[in-house]
Structures are given as structure tokens and as C-alpha cells.
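Encoded as C-alpha cells, the structure appears first; notes follow it.
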Amino acid sequence: MASSSDFSSSEGERIAKFLARAGVCSRRDAEKLIAEGRVKLNGTTLDTPAVKVTAKDKISVDGRPVGAADATRLWRYHKPSGLVTTHRDPAGRPTVFENLPPDLPRVVSVGRLDLTSEGLLLLTNDGELARRLELPANGWIRRYRARAFGRVAQEELDQLKDGITVDDVRYGPIDAKLERGQGAISSANSWITVSITEGKNREVRRVLDALGLKVNRLIRIAYGPFQLGVLAPNAVEEIPRKVLREQLGKDFA
């Protein structure tokens, strides 16, 4: 195996960042691939991410060559329920990436949607961009429609604007509104629009559950400036580069 001392050049960029920008995976996942011995540099298996690479180097993951990063691209994908947002699932469940069109380049997701959640999932060929767009610091709002069973008044939902602690996890301000025509949830299902900025694991489900509501359908309808709109389930649509420049600014640059 090759260690960092075998590659002492101060030029180039860290191997994990290179793999992320090439759309292989996130930086963190790239480090896992290296630890698992699945990354080779110039024919030698790496055992450390503390290596810099340049365009002259030959890099492969699981035996597949990885070229230099292409121009950054972003797609809207309508994830249906029943797919796991991962490249490989130990339980053998169907994944998002197995169901994408074959002509799509290697992509990573911006954040995740759990197995039974559906709706807008952003995909990009640039893992570094995905990492930046996931950060709560960018202030992007994730908006959902939740169908829930239970009883709650709008006044209770309004209290979520101050945040809430559930099972020792603190969630920041949440905007939740009963959809028009529903003054309060009865014993039947009703819809609530929920807007969050943190996007913690299963945040919407856990917060509404703390209010006595059982979410039985969850659809993400927006991620930052990008909307699900009328995109059909399982459909993928690329976002024009002009729109990326307008909406992403320095992140896109």
C-alpha cells in the first residue's frame, strides 16, 4: 500500500477532495473508500487520505478509472417512496442510484430522503458542491408537505418557531402551517406544510411525533430555490447552468 510519504508533492489537491469533485462520493465517504482499500493511485492501493494528486495521476475506485472533474452540473430528481438514498445498501433494498437513467453521469445527492419519504432530491456530479449546499449555514429552507394522523391546533404548531427539544436533540426554528381549510387536525389525516433549515435526521417526523402526530406521508417540495413542481415520480431534470449561476453564486463558481 502507498502512504503519504510515498507522494510528497505539494502541488494538486487532496485525494478525498478530488474524488468528491469528480462526483464519486462525498469527502467523508472518500476517506472511507480509502480506508477500505478500494482506491488506487498510479496502480498502488492507498491507505491514507493525506495524499495530494494532480491531473497527471491515474486514480481508480473499485478498479474503475476516475477522470478529472467535469463542469459542475445539478439535477432535480423526484424520489418515490421505497428507495434508499445510498449507493449501496447492506440490506439489499433498492436504491436511488440504481433507479437513475443509465445516461446520467456518476452523481451524489445533496442531503438525503429516508426510505419512505418522497419528493425533491438534488443530484450533482460535484461532491464538494453537495457538501456546501447541505450546510445549515447557507440558510437554505427545506420545505415539506406532511400528511399526519392526530389532533393539533395551529397555535401549537406556531410554538415550533422557537425550536423544540426531542429526546435530548435540539431542533432550531421550524415553520409549520395547517394547509388552508383545516382549522385543526381531527382524527382523520390532514396536511401540514413544514419548513426547516437544519435538515437533521428524520427531523420533520420526530418533531411532529412529539406533538402527537403520526406522519404517514412526507413529500419534500423545495430545497432552497429549487422546487419539485410538476416533476413526475422517478423523473430527472437538469437545472440549466444559467440558473445555477443565478442561484448558487460563489458556490457555483
Side-chain angles (χ1 to χ4, degrees), residues 26 28 74 76-86 96 109-124 129-231 233 239 247-249 251:
S26 68
R28 182 178 298 178
L74 191 68
R76 293 184 304 128
Y77 171 60
H78 187 157
K79 176 195 173 298
S81 177
L83 298 181
V84 183
T85 310
T86 184
V96 163
S109 64
V110 179
R112 298 189 176 192
L113 288 174
D114 61 34
L115 177 68
T116 57
S117 295
E118 53 193 290
L120 181 64
L121 185 65
L122 295 180
L123 305 171
T124 178
L129 176 65
R131 184 184 68 86
R132 290 198 296 272
L133 299 187
E134 290 169 356
L135 296 175
N138 67 28
W140 274 15
I141 295 174
R142 287 86 152 161
R143 186 170 291 110
Y144 298 80
R145 291 186 72 220
R147 188 178 67 187
F149 182 88
R151 183 184 294 274
V152 71
Q154 182 60 52
E155 289 75 17
E156 294 176 80
L157 296 176
D158 289 340
Q159 294 177 10
L160 295 176
K161 292 180 179 180
D162 298 323
I164 185 175
T165 299
V166 181
D167 295 331
D168 296 324
V169 177
R170 182 64 185 175
Y171 298 98
I174 298 169
D175 183 68
K177 289 184 171 59
L178 288 167
E179 294 195 357
R180 184 172 298 179
Q182 299 174 131
I185 292 182
S186 63
S187 58
N189 291 312
S190 293
W191 289 92
I192 304 171
T193 301
V194 182
S195 300
I196 62 177
T197 55
E198 291 181 307
K200 290 180 179 176
N201 185 37
R202 298 179 64 84
E203 180 172 346
V204 175
R205 296 179 186 276
R206 288 174 173 170
V207 167
L208 294 184
D209 183 71
L211 298 182
L213 303 173
K214 297 299 181 183
V215 175
N216 49 50
R217 190 176 182 190
L218 187 62
I219 308 169
R220 183 155 66 195
I221 57 176
Y223 193 109
F226 303 110
Q227 310 289 320
L228 178 64
V230 296
L231 193 65
I239 297 169
Q247 299 294 345
L248 302 185
D251 280 330

Which pairs would a plain distance check flag for residues 158-167, meaning a side-chain donor or acceptor within less than 3.5 Å of a matching protein atom at least two apart in sequence or in another chain?
from, atom 1, to, atom 2, distance (Å)
Asp158, OD1, Gln154, NE2, 2.8
Thr165, OG1, Arg170, NH1, 3.1

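No hydrogens or angles considered: a donor-acceptor pair under 3.5 Å links the side chains of Arg205 and Ser117.
Arg145 is linked by a salt bridge (Lys or Arg N to Asp or Glu O under 4.0 Å) to Glu179, counting only residues two or more places apart in sequence or in another chain. Taking the ring-ring contact (aromatic ring centres under 6.0 Å, His included) definition, one finds that Phe226 meets it with Trp140, sequence neighbours left out. Checked against side chain to side chain contact (heavy atoms under 4.5 Å, CB included), Leu231 has the following partners two or more places apart in sequence or in another chain: Arg76, His78, Leu228, Ala235, Glu237. For Arg112, the side chain to side chain donor-acceptor pair (under 3.5 Å) criterion is met by no residue, not counting sequence neighbours. By the salt bridge (Lys or Arg N to Asp or Glu O under 4.0 Å) test, Lys214 pairs with Asp209, sequence neighbours left out. Among residues two or more places apart in sequence or in another chain, the side chain to side chain contact (heavy atoms under 4.5 Å, CB included) test is passed with Glu156 by Val152, Ala153. By the salt bridge (Lys or Arg N to Asp or Glu O under 4.0 Å) test, Arg202 pairs with Asp114, sequence neighbours left out. By the side chain to side chain donor-acceptor pair (under 3.5 Å) test, Thr86 is found to be paired with no residue, residues two or more places apart in sequence or in another chain being considered. Taking Lys200 as the reference, nothing meets the side chain to side chain donor-acceptor pair (under 3.5 Å) condition, with sequence neighbours excluded. Glu134 meets the side chain to side chain donor-acceptor pair (under 3.5 Å) test with no other residue; sequence neighbours excluded. Evaluation of the salt bridge (Lys or Arg N to Asp or Glu O under 4.0 Å) rule for Arg206 yields no partner, not counting sequence neighbours.
Side-chain atoms of Val207 and Val194, non-hydrogen and from C-beta on, never get closer than 4.5 Å to each other.
The shortest non-hydrogen separation linking Leu133 to Asn138 is O-ND2, 2.9 Å. In terms of heavy-atom proximity, Leu157 sits nearest to Ala176 at CB-O, 3.6 Å.
To the nearest 0.5 angstrom, Tyr77 atom OH is 8.5 Å from Thr85 atom OG1.
Each of Arg220, Arg217, Arg147 was evaluated against Glu118; a single residue qualifies, Arg217, per the salt bridge (charged side-chain N to carboxylate O under 4.0 Å, His left out) test.
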